[in-house]
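Some notes on the structure that comes next.
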Amino acid sequence: MIRKCLFPAAGYGTRFLPATKSMPKEVLPILNKPLIQYGVEEAVSADIHQIGIVTGRGKRAVEDHFDINYELEHQISGSAKESYLVDIRSLLDQCTFSYTRQIEMKGLGHAILTGETLIGPEPFAVVLADDLCVNSDGDSVLTQMKKVYEKYRCSVVAIEEVPKDETYKYGVIEASQLEDNVFVINDMVEKPAPEDAPSNLAIIGRYILTPDIFDIIRETPPGKGGELQITDALKIQAQRNMVLALKFEGQRFDCGSIDGFVEATNFFYNKLKASE
Ligand code: UTP
């Protein structure tokens with residue numbers, strides 16, 4: 001049973017400077033909704049209601065977003081504008097939110113280890129809010145991953161095919177097919193140059209991790225960029241147990257990049273207009 005979802009949200013978001021100088025990347029909106037709210041909605045769609053967020057300096061807006069703003073709510077109470085708050089109020093009713101701070105930004109693996117205090121000894125989901133995933137025709141990506149976890153009871157990462165010349169942006173896997181769209185990971189490399197990439201199957205920002213990952217991260221030496229990479233820890237886990245990769249159904253927007261952010265904005269804008 002996956003009950004908890006961890007959101008590592010301590011990164012500096014340098015690709016969005018100067019916007020992220022004083023504003024967390026996670027609250028940048030696609031239309032009128034912050035990125036991290038899309039992520040929490042995806043967790044809820046997978047029936048996961050305990051939300052843990054790893055924050056850092058300058059991230060208070062994330063906490064404030066998942067809280068009541070009494071003055072504002074009093075001001076618009078009874079007016080048509082209240083409808084804008086329906087979705088976020090519903091999330092606040094359905095979820096609990098816990099926070100811990102990553103004091104030094106030592107990489108995604110380190111951020112996940114920092115979240116151990118919020119998770120404890122149980123399997124959990126991880127969502128990187130800047131990867132916005134949608135599947136308009138069926139289960140959310142996290143729901144699809146949860147189904148794979150429930151069948152095999154091991155860590156599961158979401159993957160997608162990327163152009164060969166973009167492998168340097170991702171953790172890239174070498175894997176054998178287990179069933180339709182599900183692969184057993186044999187090896188993985190963090191941000192390989194195209195000529196060193198073992199495939200074009202890239203890990204995106206959705207994980208289900210078994211709790212032994214915490215001890216493995218503790219043992220993992222810093223990798224690329226001097227950071228503790230989750231890819232390196234997953235590689236060790238794949239050698240000891242089994243780690244699966246799911247080629248998910250749906251679409252992912254890399255909202256940590258300007259191109260992906262604009263694509264996501266256009267996608268949701270067109271969807272909104274089509275529904276009017
Ligand atoms: P990114 O690689 O996108 O880094 O991190 P970033 O700092 O957010 O953005 P850029 O590259 O500087 O523009 C992937 C995810 O891991 C989290 C980030 O918040 C993001 O969700 N992260 C990364 C941490 O929480 N702590 C870290 O030390 C590093």
Side-chain angles (χ1 to χ4, degrees), residues 5-30 34-40 42-43 51-63 65-66 97-119 124-133 141-142 157-160 162 166-172 188-192 202-207 209 213-214 217-218 220-234 252-262 264:
C5 186
L6 190 67
F7 287 77
Y12 292 121
T14 52
R15 284 170 292 167
F16 264 93
L17 282 170
T20 45
K21 193 165 169 242
S22 63
M23 193 198 305
K25 175 168 75 171
E26 295 74 18
V27 299
L28 292 175
I30 299 294
L35 278 172
I36 195 161
Q37 187 178 333
Y38 287 93
V40 174
E42 187 181 335
I51 307 299
I53 304 182
V54 180
T55 66
R57 281 178 295 283
K59 299 281 183 168
R60 281 216 1 227
V62 174
E63 292 186 41
H65 185 68
F66 296 112
F97 294 87
S98 315
Y99 300 88
T100 190
R101 269 197 185 213
Q102 189 187 16
I103 307 294
E104 287 177 287
M105 308 326 158
K106 294 188 196 164
L108 177 57
H110 183 261
I112 291 175
L113 184 58
T114 305
E116 182 181 18
T117 181
L118 305 177
I119 301 295
F124 61 104
V126 175
V127 168
L128 305 188
D130 47 359
D131 266 347
L132 205 173
C133 292
V141 175
L142 217 47
V157 302
I159 52 163
E160 74 175 10
V162 296
E166 288 185 17
T167 55
Y168 71 92
K169 297 182 189 168
Y170 301 93
V172 177
M188 54 183 101
V189 189
E190 179 63 17
K191 300 192 169 70
I203 302 175
I204 63 121
R206 297 287 179 283
Y207 308 77
L209 300 174
I213 198 73
F214 294 125
I217 298 172
R218 264 187 280 276
T220 306
K224 208 151 210 169
E227 297 190 334
L228 262 181
Q229 302 289 355
I230 189 63
T231 314
D232 293 337
L234 279 166
R252 175 198 67 115
F253 299 99
D254 172 13
C255 295
S257 75
I258 292 188
D259 286 350
F261 193 92
V262 171

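Note that the coordinates shown come from a computational prediction; the quantities given were computed from them, not determined experimentally. Order of appearance sets the numbers: ligands from 1, and atoms from 1 within every ligand.
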Below 4.5 Å, heavy atoms only, C-beta onward: do [X] and [Y] meet side chain to side chain?
X: I36; Y: F7; value: yes
X: F214; Y: I112; value: yes
X: K59; Y: Q102; value: no
X: E26; Y: P34; value: no

* Asked: Taking the side chain from R252 and the backbone from G205, do they hold a donor-acceptor pair closer than 3.5 Å?
  ->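 No, the answer is negative, given that no donor and acceptor are paired below the 3.5 Å cut-off.
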* To do: State whether the side chain of Y38 and the backbone N or O of I30 hold a donor-acceptor pair below 3.5 Å, judged by distance alone.
  =>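 Indeed, once roles are kept as given, a pair shorter than 3.5 Å links the two residues.
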Per-atom contacts, ligand 1 versus [X] - under 4.0 Å to a heavy atom:
X: K106; result: 28 (O)
X: Y12; result: 7 (O)
X: M105; result: 28 (O)
X: E26; result: 19 (O)
X: A111; result: 24 (C), 25 (O), 26 (N)
X: Q102; result: 24 (C), 25 (O), 26 (N), 27 (C), 28 (O)

Identify, for [atom], the protein heavy atom at the shortest distance, and state residue, atom and that distance.
atom: atom 9 (O) of ligand 1; answer: K25 NZ, 3.1 Å
atom: atom 21 (O) of ligand 1; answer: P8 O, 3.0 Å
atom: atom 2 (O) of ligand 1; answer: R15 NH2, 4.6 Å
atom: atom 16 (O) of ligand 1; answer: L108 CD1, 3.6 Å
atom: atom 29 (C) of ligand 1; answer: G107 C, 3.6 Å
atom: atom 25 (O) of ligand 1; answer: A10 N, 2.9 Å
atom: atom 22 (N) of ligand 1; answer: G11 N, 3.8 Å
atom: atom 14 (C) of ligand 1; answer: L128 CD1, 4.1 Å

* E227 and ligand 1 - part of the residue with a heavy-atom distance under 4.0 Å ->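 Neither; no heavy atom under 4.0 Å.
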* **Donor on one side chain, acceptor on other, H110 and E227, under 3.5 Å** =>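 No.
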Whether [X] lies under 4.0 Å from ligand 1, heavy atom:
X: D130; answer: yes
X: G256; answer: no
X: E104; answer: no

* To do: Could you tell me if the ring centre of F66 sits under 6.0 Å from that of Y99?
  =>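 So the answer is no for these two rings.
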* To do: Take atom 11 (O) of ligand 1 and look for protein heavy atoms under 4.0 Å from it; say yes if you find one, no if not.
  =>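 It does: a protein heavy atom is found less than 4.0 Å away from atom 11 (O) of ligand 1.
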* Lys/Arg-Asp/Glu bridge criterion (N-O < 4.0 Å) met for K169, E166 ->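 Yes, charged N to carboxylate O under 4.0 Å.
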* To do: Might you work through the ring pair (Phe, Tyr, Trp, His ring centres under 6.0 Å) test for F124 and Y207, ending with a clear yes or no?
  => CA-CA 8 Å; F124 61 104; Y207 308 77; 9.6 Å; no
* Could you give me the CA-CA distance, side-chain angles and deciding distance for D130 and K25, then say whether salt bridge (charged side-chain N to carboxylate O under 4.0 Å, His left out) is met? => CA-CA 8 Å; D130 47 359; K25 175 168 75 171; 2.6 Å; yes
* Asked: In this structure, which one of V27, L128, L132 forms a side-chain contact (heavy atoms from CB on, under 4.5 Å) with L35?
  ->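 Considering V27, L128, L132, a side-chain contact (heavy atoms from CB on, under 4.5 Å) with L35 is found only for L132.
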* If you measure every N/O of G13 against every N/O of ligand 1, is any gap under 3.5 Å? ->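 So ligand 1 has an N or O lying under 3.5 Å from an N or O of G13.
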